[in-house]
> 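Input: one structure, supplied below.
Residue numbers start from 1 in every chain, and the chains themselves are labelled A, B, ... in the order their sequence lines are given, proteins ahead of strands. Computed from heavy atoms alone, side chains included, the values below leave out hydrogens, waters and symmetry copies.
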Protein chains: 2
Amino acid sequence: MAVTIHDVAKGADVSVSTVSRAFTMPDMVNAATRRKVLQVAEELGYQPNRAARGLVTGKTGNIGVVVPDVANPFFSAMLKGCTARAREVRHVVFLADAAEDPRVEAEVVGAMAKQVDGVVLCSPRMHPDHLARLVGTTPLVLINRDEAGLPAVLMDSADGARQALEHLAALGHRRVAHLAGPAASWAGEQRLVGLRAAAPVCEVETIELGPFPPTFQGGVQAADLALARGVTAILAFNDLMAVGVLNRLAARGVAVPSDVSVVGYDDIEMSSMTTVPLTTVRMPMEAGGRAAVDLLLDNLDAGADPDATPTRRWLPTQLIVRSTTAPPSQDAAARALAGR
Amino acid sequence: MAVTIHDVAKGADVSVSTVSRAFTMPDMVNAATRRKVLQVAEELGYQPNRAARGLVTGKTGNIGVVVPDVANPFFSAMLKGCTARAREVRHVVFLADAAEDPRVEAEVVGAMAKQVDGVVLCSPRMHPDHLARLVGTTPLVLINRDEAGLPAVLMDSADGARQALEHLAALGHRRVAHLAGPAASWAGEQRLVGLRAAAPVCEVETIELGPFPPTFQGGVQAADLALARGVTAILAFNDLMAVGVLNRLAARGVAVPSDVSVVGYDDIEMSSMTTVPLTTVRMPMEAGGRAAVDLLLDNLDAGADPDATPTRRWLPTQLIVRSTTAPPSQDAAARALAGR
DNA sequence: GTGAAAGCGCTAACAA
DNA sequence: TTGTTAGCGCTTTCAC
């Protein structure tokens, strides 16, 4: 059925090795022969079977990517970065959606391990022990998770939180809510770290709420709790939650930003999709995907080198200020001071 | 390095064929032997190399998915459906992002052809000739594109457009703009078909505008043109454009829905992410992905059957009415009547 | 019920 | 520069 290397060899009247070489080491075959081979291959529509090639070379030219949920814009942005970079370096992507289930995460890695040169795990939520068991199965790179000894692309979420808090403090906010997302989120942890470090310096009192589902509904739910604590500003886990917060505030007649200011986290221009622009900490998800692919490939190349330390790559985050943050009104400030 | 079938065979003190059988035809091996084999395999962490298996069986257990842009919520929803369904039937997904480039689309299919049992092409924008050339390379299933002889999952966009127009007509709108997206979009074509068929019946005059980029900016741009034509309602190519339209209308002081009503198309609850809920035609993207995987697998099974006709699967669309559509005000209606 | 051997499509020595 | 051969990890006849 499918056209193989033998067909080409026959057609060009050469041996299979010559055909193979014409593709993999072009300048080791006579120019005329090569031309002929490539032409016949073209005519026959021959494409080398990469699986078979991988079987003998040990390199598949495939890389695996595991995301918690492709439909989540955060992760589809990451995935975009992975596929884009993979293509640039002539690799193909094996995708698995873990459906937000930590067990599935581990399982799928096993399923693709043999067919890929390595796997990029996007914000894996799985238990460290499971993660440890995966090491050795196949080369791994993590995104937004810091596990001992594993190469990783890390986004400076702690610094993002710091920037956000300093921004709010500079505006005069003194009582700020932090809405947590999923408990297993490393990025979430980091934000808390950054927040707790920055709070005393900024002389801001932080109210830690959550965990909440990282969704519109989660934001709605969280908004009421935050309001009850008399804050003048809210840091939401992500843009989805932030929009939920905004919606709930509007529904309750709370004015943004004069009564309460709101900050989210995003990568894509999600804010451009809402009619209310949102101050956000920009997380470079797509860049993270690209970096992870590069890191994986680098580690593979250095594979021979025994003490090639697995690297961490830090990516900066950046605050983008828009109209949902402003100094608190006298009123709001007073209420916050009174602890409401 | 990796643990192979030989390791297991050695460990269990049986031949490789027995190990193989223990996995692929369990009841053809003695229960005790099988148990032993599986146990050793478990201990060693053995996972069959699916690529090697594919080499001999001709079935890889992988399916390819090509999308124009993973970061587009429409397509990430489709992809979600594909990965979810693939997992259920124990298949793994090979993903390629065509970066909205028709040439890349054709190219990537070639790159994965040999490693997959078939490919799902999501809303392919490539030229029919290129598509034709791909047939025979590997089994194909299209989503939202109707090409002679190819199996496809089709969403009834024409009917969605009809529903939207009837809804608007029932509210009293008589002059409605249709904002087209990319020219190569089959779904876009279909909407036009539905619209043109429904317009005379509904006694509505449709103003066809575009093509516009299917983005927020595209909506902004289109809104002004639509306004200039004095319509009382706007059908946007997708939700992104719709939100762009809403934003521009707000900026120009045009009231929604009293001056102008707006309808979009979506799958995900994108409307829940905006502070302005949007009347939309719901496109079942995720369901489409699932259906495509099923269709592909069905066709493969029936592969032996010579006259197994490639099937089309139609999925219904559904209008979801919300507060951005309402009867036009007297004012708006009069202006529209005057052709503005 | 189990093993030995051939071979899937390809690359990598080794010869020529 | 090119051809011959072995073998990657697996399944599958065909004997036993």
> Assign B:S20 to base, sugar-phosphate, or nothing according to its heavy-atom contacts below 4.0 angstrom with the strands shown.
base

> For A:E107, is there an ion pair with B:R87 - N to carboxylate O distance below 4.0 angstrom?
yes

> Nearest-nucleotide wise, let me know which of B:V16 and B:K114 is further upstream toward the 5' end of DNA chain C.
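Residue closer to the 5' terminus by nearest nucleotide: B:V16.
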
> Looking at the side chain of B:V56, which of C:dC10, C:dG7, C:dG1 is the nearest nucleotide?
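For the B:V56 side chain, the nearest candidate turns out to be C:dG7.
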
> What is the distance, to the nearest angstrom, from the CE atom on B:M28 to the C1' atom on D:dC14?
12 Å

> Between atom NZ in A:K10 and atom P in C:dC10, what is the gap in whole Å?
14 Å

> Ion pair present between A:D69 and B:K80, side-chain N to carboxylate O less than 4.0 angstrom?
yes

> In terms of side-chain heavy atoms of B:S15, which of C:dA4, D:dT1, D:dG7 is nearest?
C:dA4

> Whole angstrom is fine here: how far is it from CE in A:M25 over to C1' in D:dT2?
13 Å

> With respect to the phosphate group of D:dT1, does any side-chain polar atom (N or O) of A:T33 fall under 4.0 Å of OP1 or OP2?
no

> Counting any heavy atom closer than 4.0 Å, what does B:F23 reach on the DNA or RNA strands: base, sugar-phosphate only, or nothing?
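Here B:F23 touches no strand at all.
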
> Under 4.0 Å, counting only non-hydrogen atoms across every strand here, what does B:S17 touch: a base, just sugar-phosphate, or nothing?
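Base contact - B:S17 has a heavy atom under 4.0 Å of at least one base atom.
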
> Quick one: which of D:dC8, C:dC8, D:dC14 gets closest to the side chain of B:R21?
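Among the listed nucleotides, the one closest to the side chain of B:R21 is D:dC14.
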
> Are there more than 12 heavy atoms of other residues, nucleotides or ligands under 6.0 Å from atom CG of B:D146?
yes

> Could you say whether B:V29 or A:L55 is positioned toward the 5' end of DNA chain C, judged by the nucleotide with the nearest heavy atom to each?
B:V29

> Measure CZ/A:R35 against P/D:dT1 and give the value in whole Å, please.
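Roughly 14 Å, once rounded to whole Å.
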
> Nearest-Å distance, CG (A:N49) to P (D:dC10)?
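Rounded to whole Å, this separation is 16 Å.
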
> State which of C:dC10, D:dC10, D:dT1 makes the closest approach to the side chain of A:A52.
C:dC10

> Compare the minimum distances between each of D:dT11, C:dT2, C:dC10 and the side chain of B:N30, then state the nucleotide with the smallest one.
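Of the options given, the side chain of B:N30 lies nearest C:dT2.
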
> Between C:dC10 atom C1' and A:K59 atom NZ, what is the distance in whole Å?
16 Å

> With a 4.0 Å cut-off on heavy atoms, is A:T4 in touch with a base, just the backbone sugar-phosphate, or nothing at all?
sugar-phosphate

> To the nearest angstrom, how far is A:H6 atom NE2 from D:dT5 atom C1'?
12 Å

> Would you say the side-chain atoms of A:N62 and B:Q115 include a donor-acceptor pair closer than 3.5 Å?
yes

> From the set D:dG7, D:dG9, D:dG3, return the single nucleotide nearest to any side-chain atom of B:I5.
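Looking only at heavy atoms from C-beta outward on B:I5, the closest nucleotide is D:dG9.
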
> Just N and O in the side chain of B:T18: are any of them under 4.0 Å from OP1 or OP2 of C:dG3?
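Yes, because at least one side-chain N or O of B:T18 sits under 4.0 Å from OP1 or OP2 of C:dG3.
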
> Hey, what's the ring geometry for B:Y46 with B:F23, parallel, tilted or perpendicular (30° and 60° as the breaks)?
perpendicular

> Quick one, B:R125 with B:E105, criterion salt bridge (charged side-chain N to carboxylate O under 4.0 Å, His left out). Give me CA distance, side-chain angles, the key distance, then yes/no.
CA-CA 8 Å; B:R125 279 97 152 88; B:E105 259 174 14; 5.3 Å; no

